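These notes concern the structure reproduced below.
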Protein chains: 2
Amino acid sequence: MNIGDAATRSGVSAKMIRYYEQIGLIPPAARTASGYRSYGTSEVHMLRFIARARDLGFSIREITGLLDLWRNKDRRSADVKALAQARVRDLRDKIERMQDMADTLEDLANACAGNERPSCPILQRLETAEASGEDSPARPSRSGGFKDRGGS
Amino acid sequence: MNIGDAATRSGVSAKMIRYYEQIGLIPPAARTASGYRSYGTSEVHMLRFIARARDLGFSIREITGLLDLWRNKDRRSADVKALAQARVRDLRDKIERMQDMADTLEDLANACAGNERPSCPILQRLETAEASGEDSPARPSRSGGFKDRGGS
DNA sequence: TCTGGGGCTTCCCATCATGGGAAGGTCAAG
DNA sequence: CTTGACCTTCCCATGATGGGAAGCCCCAGA
């Protein structure tokens with residue numbers, strides 16, 4: 001089948017299939033006499049594998065490793081497990097920090113009166129708490145200033 | 001203080017500070033007579049806010065809105081509140097999707113023996129699609145939303 | 001047999017956030 | 001005054017992905 005069919009069947013865009021081939025993630029596809037890429041079910045299979053892994057947040061680099069494990073008869077499940085667990089740790093950590101920020105943001109919203117008066121108390125607190133400039137931008141003398149040599 | 005100090009104090013690299021200024025995320029810094037950018041504590045504070053938001057996966061566009069929340073004091077508090085609440089909803093939604101993903105991966109990892117034998121359900125699962133629900137036919141759609149920059 | 005439209009090819013460009021590095025100006029300590 | 005760390009701008013690269021142009025190919029319909 002042509003690349004378009006392979007794309008719709010695998011869920012990987014034709015552009016991406018060519019890209020994956022170009023960077024060596026997948027081997028070069030067979031070509032028809034006129035130069036069209038030609039795919040079979042095993043290629044589509046592999047592309048689906050890649051699509052799934054991308055969906056789960058694996059980077060291309062990680063997928064390279066997964067593909068190696070997948071294609072290798074001697075693959076060790078421990079390697080696969082370690083990869084997945086690393087991703088999970090990564091995600092859990094990120095989720096935790098996102099929850100922190102969501103909570104903060106929610107507090108901020110709840111502290112707002114939500115009327116037509118300007119300024120939320122928390123916003124003011126944030127500003128005045130830290131906004132006290134100390135250094136002054138070194139005023140005059142030396143008219144030298146600033147050259148913008150030739151930029152666009 | 002100079003950009004280097006601001007960078008180390010905020011956790012945003014000097015490169016990124018200039019970039020943020022260039023794209024208008026932060027206002028142009030004051031300049032010394034010789035052209036050096038000059039920062040005060042409020043700028044550092046703002047940069048730290050940005051760093052945290054970036055770390056949590058907010059896009060620059062989203063951070064623009066978040067910054068308006070606490071930087072723009074002339075806003076009606078109702079607007080501030082609505083904006084904050086919208087962000088919170090977005091955040092909770094993303095958290096939920098990330099949790100789904102983490103759960104799926106964790107299940108897969110737990111089902112993996114993690115030994116020298118080659119059978120690991122993760123690989124089979126990846127082969128046969130359906131990691132966590134129906135998969136949409138021709139729509140690649142890289143699990144919407146959160147960015148996964150800089151991982152393990 | 002011709003023709004039109006859609007699919008295929010490669011190539012270049014854009015994105016977003018980030019970093020590397022070059023070429024040159026500035027500053028502060030020795 | 002020299003030196004080395006720091007700053008300035010500008011250009012280029014990355015990783016994944018998409019957009020689009022120029023040109024070739026294939027098949028169905030007239």
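Source: prediction; values computed, not measured. Labels below follow one simple rule: chain letters A, B, ... track the order of the sequence lines, proteins then strands, and each chain is numbered from 1. Just the heavy atoms: all of them, side chains too, but no hydrogens, waters or symmetry mates, feed the values below.
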Checklist entry - Please give, in whole Å, the distance from C:dT10 P to A:Glu21 CD? => result 8 Å
Checklist entry - Would A:Ile26 and A:Ile17 count as a side-chain contact (heavy atoms from CB on, under 4.5 Å) if you check the C-alpha gap in whole Å, the side-chain angles of each, and the deciding distance to 0.1 Å? => result CA-CA 8 Å; A:Ile26 57 178; A:Ile17 294 175; 4.2 Å; yes
Item to check | Nearest-neighbour nucleotide for the B:Lys15 side chain, C:dG20, D:dG20, C:dT10 considered | outcome: C:dG20
Next on the checklist: With a 4.0 Å limit, can you tell me whether B:Ser13 has a side-chain N or O closer than that to the phosphate oxygens OP1/OP2 of C:dG19?
Outcome noted: yes
Checklist entry - Could you state the CD1-P distance from A:Ile23 to D:dA13, rounded to the nearest angstrom? => result 18 Å
Next on the checklist: Checking contacts here: which listed nucleotide (C:dA17, D:dT9, D:dA16) is nearest the side-chain heavy atoms of B:Ile60?
Outcome noted: C:dA17
Item to check | Heavy-atom donor-acceptor pair, A:Glu96 side chain to A:Asp93 backbone, under 3.5 Å | outcome: no
Checklist entry - Can you find a donor-acceptor N/O pair under 3.5 angstrom joining the side chain of B:Tyr19 to the base of C:dG19? => result no
Next on the checklist: Listing request: all salt bridge (charged side-chain N to carboxylate O under 4.0 Å, His left out) pairs with a residue in residues 12-24 of chain B, at least two apart in sequence or in separate chains.
Outcome noted: B:Glu21-B:Arg31, B:Glu21-B:Arg37
Checklist entry - To the nearest Å, how far apart are A:Glu62 CD and D:dG15 P? => result 14 Å
Item to check | Short side-chain N/O contact to D:dA16 OP1/OP2 from A:Arg54, under 4.0 Å | outcome: no
Checklist entry - How close or far is atom P of D:dC7 from atom CG of B:Asn2, stated in whole angstroms? => result 5 Å
Item to check | Contact under 4.0 Å: A:Tyr20 side-chain N or O vs D:dT17 OP1/OP2 | outcome: yes
Next on the checklist: Rounded to whole Å, please give me the gap between CZ in B:Arg61 and P in C:dA17.
Outcome noted: 10 Å
Checklist outcome for this item: When rounded to whole Å, the CE to C1' distance for the pair B:Met16 and C:dT18 reads 4 Å
Next on the checklist: Nearest whole Å is fine: how far is D:dC6 P from B:Tyr36 OH?
Outcome noted: 11 Å
Checklist outcome for this item: B:Ile17 atom CD1 is separated from D:dT8 atom C1', nearest whole Å, by 14 Å
Checklist entry - OP1 or OP2 of C:dT9 less than 4.0 angstrom from a side-chain nitrogen or oxygen of A:Arg18, does that happen here? => result yes
Next on the checklist: Less than 4.0 angstrom between a side-chain N/O of A:Thr32 and OP1 or OP2 of D:dC25, yes or no?
Outcome noted: no
Checklist entry - With the 4.5 Å side-chain cut-off for hydrophobic clustering, are A:Tyr36 and A:Val12 part of the same group? => result no
Checklist entry - Looking only at atom types and distance, does a side-chain atom of B:Arg52 sit under 3.5 Å from a main-chain N or O of A:Arg97, one as donor and one as acceptor? => result no
